[in-house]
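What you are looking at is a predicted structure, and each value in this text was computed from that prediction instead of being measured. By convention in this document, chain letters (A, B, ...) are assigned in the order of the sequence lines, proteins followed by strands, and residues within each chain are numbered from 1.
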Amino acid sequence: MNPYSVLGVNQNASDEQIKKAYHTLVKKYHPDRFQDPKEKEKAEAKIKEINEAYGQIEQMRSGNSTGSGYSGYSGSYASGSSSDSLKQARIFLSQNNLAAAQAILSAVQNRNAEWNYLQGMIYMRRGYFQGAREHLGRAYQMEPGNGEYASAYQSVQNMGRGYFAGNPFTNMSTRGCSISSLGGLACCAAGTFLLSRGGCCSPCVCLPFLCI
Amino acid sequence: MFGYVRPVLGELDETQKKIFQSYYCGLCKAIASRYSGIARMTLTYDCTFLAILLDSLVTEENDIEGDHCAAVIRRPVMKNESLNVCADVNVLLAYYNVCDDNEDQPGMKAKGAKKLLKGSYNQAKSRQIYLDTVIEEYMQKLWQKEKEGCSSEDEMGDLFGQLLSSIADLMTENNDAVLLAYHLGKYIYLLDALDDYKDDIKTGSYNVYYQTYGQCDDLLQKAEFNLQCSLSKIAEHYQKLPIKKNRELLDNIIYIGLIQYFIQKEEKA
């Protein structure tokens with residue numbers, strides 16, 4: 001499907017016009033505005049379509065491809081627009097509209113510290129922890145002095161500790177275990193309840209129906 | 001892909017053990033009465049857990065009766081609606097798991113298993129048309145990604161997580177239960193990949209860790225971050241659930257059952 005017709009704009013529309021059309025449509029079809037599950041579902045599908053179309057246009061326009069009639073797209077303008085885009089992505093992120101935020105980020109060419117930070121935050125929300133750590137780490141490396149990036153990187157690194165921290169079967173801190181490997185951690189967890197019960201924790205489960 | 005979600009029985013008291021067994025046998029019985037004796041062989045711990053979790057959100061009392069298993073042994077058996085739906089889920093997942101084996105390693109064994117389960121699968125499909133479409137959709141996506149040689153743990157785990165959460169979504173209104181299922185799916189997928197890593201290299205089957213890191217000796221160090229994050233998320237959503245019963249049993253599964261793979265590994269080493 002033609003991405004321009006999805007947004008209801010002309011092929012020759014300016015970036016501004018496209019962005020405006022996009023924002024209007026996103027607001028109109030925001031799934032939170034619909035109560036009825038069926039309508040909500042329809043809106044979600046529509047939003048997806050709109051995001052894809054917008055992402056596609058952004059990609060086409062910011063790509064290095066020549067002869068597409070956008071030769072006037074100057075470098076300085078591109079960098080200005082990418083910082084605007086990041087601002088917009090941040091807004092979408094705060095509204096938990098991950099698809100829209102992602103569509104914007106994918107289209108941005110200038111992948112600076114902020115870009116990496118935002119990408120990391122999107123991954124974090126989606127449960128892509130590996131990707132989150134990678135991008136937040138990159139943002140932190142690029143701008144170590146930025147408190148926002150540093151604390152996000154710190155929190156993603158601490159993510160994995162929640163399981164053992166709230167685990168009623170173990171008390172990590174008092175045993176002072178090193179969190180070096182899951183094997184080590186697991187052993188630590190096991191060690192604690194092994195000691196407390198003084199028994200074997202080997203889960204030698206006899207399958208009821210298999211031991212007929 | 002199955003068997004990672006189960007309690008550490010040695011850490012349960014007799015009452016809790018009996019409750020777990022009655023769910024396990026109850027699921028087995030539900031499969032037998034809805035399907036066939038052969039389908040019964042596909043009984044999994046994972047679906048038992050799903051049944052316990054869902055049932056513990058619905059009612060406060062456990063309704064256990066004695067029943068016969070294989071004509072001789074009398075065992076405590078549970079009967080409830082959650083078990084019936086989980087029986088369907090169990091059969092559907094088992095069938096797709098066999099199909100998955102067939103994709104990985106086509107051979108007589110996988111082919112035979114697929115044939116044996118086909119009848120039960122058709123029955124399950126007619127009972128749960130929507131569930132079957134959902135599972136098939138995500139399995140197709142997984143196979144597609146495997147063919148492409150996808151090297152992202154996040155993406156592969158996400159697909160299996162979505163599969164499991166879509167199943168949970170149909171069975172419960174509780175959003176935390178659905179999210180728990182999502183992260184559990186991710187965890188199961190990644191743990192299975194970790195577990196099969198060496199075998200997959202030997203047989204040349206797809207393995208997401210091999211795609212990402214190639215052959216390496218410190219895979220656990222590389223893989224642990226994502227696994228730990230998934231565990232944390234599982235625990236986070238589990239703590240928010242309005243559980244009405246079986247808390248001790250569920251605690252056991254969530255907090256030590258899920259990591260017993262690592263505990264056993266450590267003990268062997």
**Student:** Checking heavy atoms, do the side chain of B:E236, its backbone, both or neither come under 4.5 Å from chain A?
**Tutor:**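 Neither part, no heavy atoms under 4.5 Å.
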**Student:** Under 4.5 Å heavy-atom distance to chain A, tell me which part of B:E155 shows up: side chain, backbone, both or neither.
**Tutor:**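 For B:E155, the contact with chain A is made by backbone and side chain together.
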**Student:** Just checking B:K18: does its NZ atom have more than 12 heavy atoms from other residues, nucleotides or ligands closer to it than 6.0 angstrom?
**Tutor:**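 No, the 6.0 Å shell around NZ holds no more than 12 heavy atoms from other groups.
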**Student:** Answer yes or no: does atom NZ of B:K222 have more than 12 heavy-atom neighbours from other residues, nucleotides or ligands under 6.0 Å?
**Tutor:**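 Counting neighbours around NZ of B:K222, more than 12 heavy atoms of other residues, nucleotides or ligands fall under 6.0 Å, so yes.
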**Student:** Give me the atom names and distance for the closest heavy-atom approach of B:S232 to A:R161.
**Tutor:**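 So the two residues come closest at OG-N, 4.0 Å.
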**Student:** For chain B, which residues of residues 115-131 of chain A have at least one non-hydrogen atom nearer than 4.5 Å to it?
**Tutor:**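 The list, in residue order, reads A:R126, A:G127, A:Y128, A:F129, A:Q130, A:G131.
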**Student:** Please give me the minimum heavy-atom distance between A:Y163 and B:L258, naming the atom from each residue.
**Tutor:**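 Smallest heavy-atom distance, with atoms named: OH-CB, 4.2 Å.
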**Student:** Inspect the surroundings of OH in A:Y140 and state if more than 12 heavy atoms from other residues, nucleotides or ligands are less than 6.0 Å away.
**Tutor:**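 Counting neighbours around OH of A:Y140, 12 or fewer heavy atoms of other residues, nucleotides or ligands fall under 6.0 Å, so no.
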**Student:** With a cut-off of 6.0 Å (strictly less than), are more than 12 heavy atoms of other residues, nucleotides or ligands near CD of B:E137?
**Tutor:**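 Yes.
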**Student:** Taking only residues at least two apart or on different chains, which pairs with a member in residues 131-160 of chain A satisfy salt bridge (charged side-chain N to carboxylate O under 4.0 Å, His left out)?
**Tutor:**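 Listed once each, the pairs are A:R90-A:E148, A:E134-A:R138.
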**Student:** Please flag which part of B:Y238 lies under 4.5 Å from any non-hydrogen atom of chain A: side chain, backbone, both or neither.
**Tutor:**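 Neither; nothing under 4.5 Å.
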**Student:** What do you reckon, is NZ of B:K240 surrounded by more than 12 foreign heavy atoms closer than 6.0 Å?
**Tutor:**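 More than 12 within 6.0 Å, yes.
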